[in-house]
Amino acid sequence: MRAALQRRLLVWFAQHRRSLPWRNSRDPYRIWVSEVMLQQTTTAAVIPYYERFLATFPTVEALAQAEEEDVLRLWQGLGYYRRARHLHAAARTLVQHHGGRLPDDPDLWRSLPGVGRYICAAVLSQAFDRPLPIVEANSLRVLARLYGYRGDPRQGAGQRWVWRAAQALLPTQRVGDFNQALMELGSLVCTPRQPRCAECPWQRWCRARQLGEQERIPPPASRPVPVEVQELAVLIRRGSRWLLCQRPATANRWPRLWEVPHAEIATANDARAQLPEVVRQLTALEVQAGQPLTTLCHSVTRFRIHLHAWSARYLRGTFASSFYTAAVWVTPQELDRFPLSSPQRRLLEKQAAKAVNLKLGET
DNA sequence: AAAGCGGGGCT
DNA sequence: AGCCCAGCTTT
């Protein structure tokens, strides 16, 4: 049965595969770049970025020689900027310590920043046909449905199950094509909602379909419980600069006003000018000096997107002291939301440390 | 084990 | 509006 599944999938793939810029090449560098960009990002969104990136940095040497700032500029708008910094750092490692070679060596790939189990296997199976399985959002859905797996294949035991399933199904030849085909099936046929089972090469073996449970397998990711948050905000304009001042509604005095230190950097680096957007959202909520601002948030992330970076300390529960300032950066991860080069990041971290000291001094 | 990182596309 | 997406790192 396994052989039949493999054969039918590969035949289907030969007929239905989309022509994408990173296919038709076995260059590990090109495949690698595509996998990094495609991480948590849809194909349509990636294509223009991918073509620009490869035109600018056609080889790993070109990427290694580039300034980090220029790499980030090309990445701007894709999000998850840590991916770009890792890609660039890994390119430099490969050039400096491995002669610019991208070999068929899983241990080497896994040692690179930003390369986990999936990207390692995706690159090596496509470039060298190395028999490594991959599990991502599409193949995960296909496998869970094929075997009618009832648990959550994204977590714990389910995760171990789905990687074993992918491993067991893997052919000994045309591994790259098979991995691609599995994802393509999930993307074109075995979709999250309203899967096109009539067009599926595996329909006769699909347990979920036999049970009529295609839409319920795998189970949807659970959403965080909404939490109501209250705080006060003041927005002050001084010429072309903006000051944002926030405090928890429970605090009884305002923090000293500090200029938001990353504002200028954010506007300078981000074409979509995040600061005016913050201003727009806040004014849309009619935030005036001293007015209460009530937000229903479904998750920390959602709230922080809403108000951008300045509410970090509040939601981390570290605002027990009687005041709170917007100017404090909390973790390096929070800096990942901006396309900041490593030196810029270090500067902000230093400023943040200073702000924390000031804060402690006043409490 | 769980949180954190974004922006876009789709229903 | 929700929900989802070719994941990885950090805590």
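Reminder, nothing fancy here: chain letters follow the sequence lines and each chain counts from 1.
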* Asked: What is the distance from NE2 of H86(A) to P of dC8(C), rounded to the nearest Å?
  -> 12 Å
* Would you call R174(A) and D177(A) a salt bridge, using N to O less than 4.0 angstrom? -> yes
* Is the NZ or CZ atom of R130(A) positioned over F128(A)'s six-membered ring, under 6.0 angstrom from the centre and within 45° of the axis? -> no
* To do: Could you tell me whether a side-chain N or O of E184(A) sits under 3.5 Å from a main-chain N or O of F13(A), the two making a donor and an acceptor?
  => no
* Where do Q194(A) and E215(A) come nearest, in terms of heavy atoms and distance? -> N-OE2, 3.1 Å
* **Parallel, tilted or perpendicular: rings of W75(A) and F53(A) (30°, 60°)** => perpendicular
* Proximal nucleotide (of dA6(C), dT10(C), dG7(B)) relative to the R82(A) side chain -> dT10(C)
* To do: Give the rounded distance in Å between these two atoms: CD of E35(A) and P of dA6(C).
  => 11 Å
* Asked: What parts of residues 150-169 of chain A reach DNA chain C, counting only heavy atoms under 4.0 Å away?
  -> none
* Quick one: is Y80(A) getting a side-chain N or O under 4.0 Å of the dG4(B) phosphate, OP1 or OP2? -> no
* Remember a base hit wins even if backbone is also touched, and classify V115(A) as base, sugar-phosphate or nothing at under 4.0 Å, heavy atoms. => sugar-phosphate
* **E136(A) CD to dG7(C) C1', straight-line distance once rounded to whole Å** => 10 Å
* On DNA chain C, check which nucleotide each of P192(A) and Q40(A) is closest to and give me the residue with the more 5' one. => P192(A)
Atom pairs under 3.5 Å: protein N/O with N/O of nucleotides 9-11 of chain B:
none

* Asked: What interatomic distance, in whole Å, is found between P of dA3(B) and the corresponding atom of dA6(C)?
  -> 23 Å
* Under 4.0 Å: is that the gap between some side-chain N or O of R110(A) and OP1 or OP2 of dC8(C)? -> no
* To do: Give W22(A) one of three labels, base, sugar-phosphate or nothing, depending on what nucleic acid heavy atoms sit under 4.0 Å from its own.
  => base
* Please state how far atom CZ in R85(A) lies from atom P in dG7(C), giving the value in whole angstrom units. => 19 Å
* Asked: Atom CZ of R141(A) and atom C1' of dA6(C): how far apart are they, to the nearest Å?
  -> 11 Å
* With a 4.0 Å cut-off, would you call R73(A) and D70(A) a salt bridge? -> yes
* Is the cationic atom of R117(A) (NZ for Lys, CZ for Arg) positioned less than 6.0 Å from the six-membered ring centroid of W163(A) and within 45 degrees of its normal? -> yes
* **Length of the line joining M37(A):CE and dC5(C):C1', which is rounded to integer Å** => 16 Å
* Between D129(A) and R26(A), does at least one N-O distance fall below 4.0 Å, as a salt bridge requires? -> yes
* Nucleotide of dG4(B), dG7(C), dA6(C) approaching Q39(A) most closely (side-chain heavy atoms) -> dG7(C)
* Rounded to the nearest angstrom, tell me the gap between atom CG in L140(A) and atom P in dC4(C). => 12 Å
* Asked: In this structure, which one of W109(A), W22(A), Y50(A) forms a ring pair (Phe, Tyr, Trp, His ring centres under 6.0 Å) with W32(A)?
  -> W109(A)
* To do: Find the distance Q76(A):CD to dG8(B):P and express it as a whole number of Å.
  => 12 Å
* **Atom P, compared across dG8(B) and dT9(C): separation rounded to whole Å** => 24 Å
* Does E213(A) come within less than 4.0 Å of R150(A), counting only side-chain N to carboxylate O? -> yes
* Hey, does L78(A) reach any base, or is it just sugar-phosphate, or nothing, if we go heavy atoms under 4.0 Å? -> base
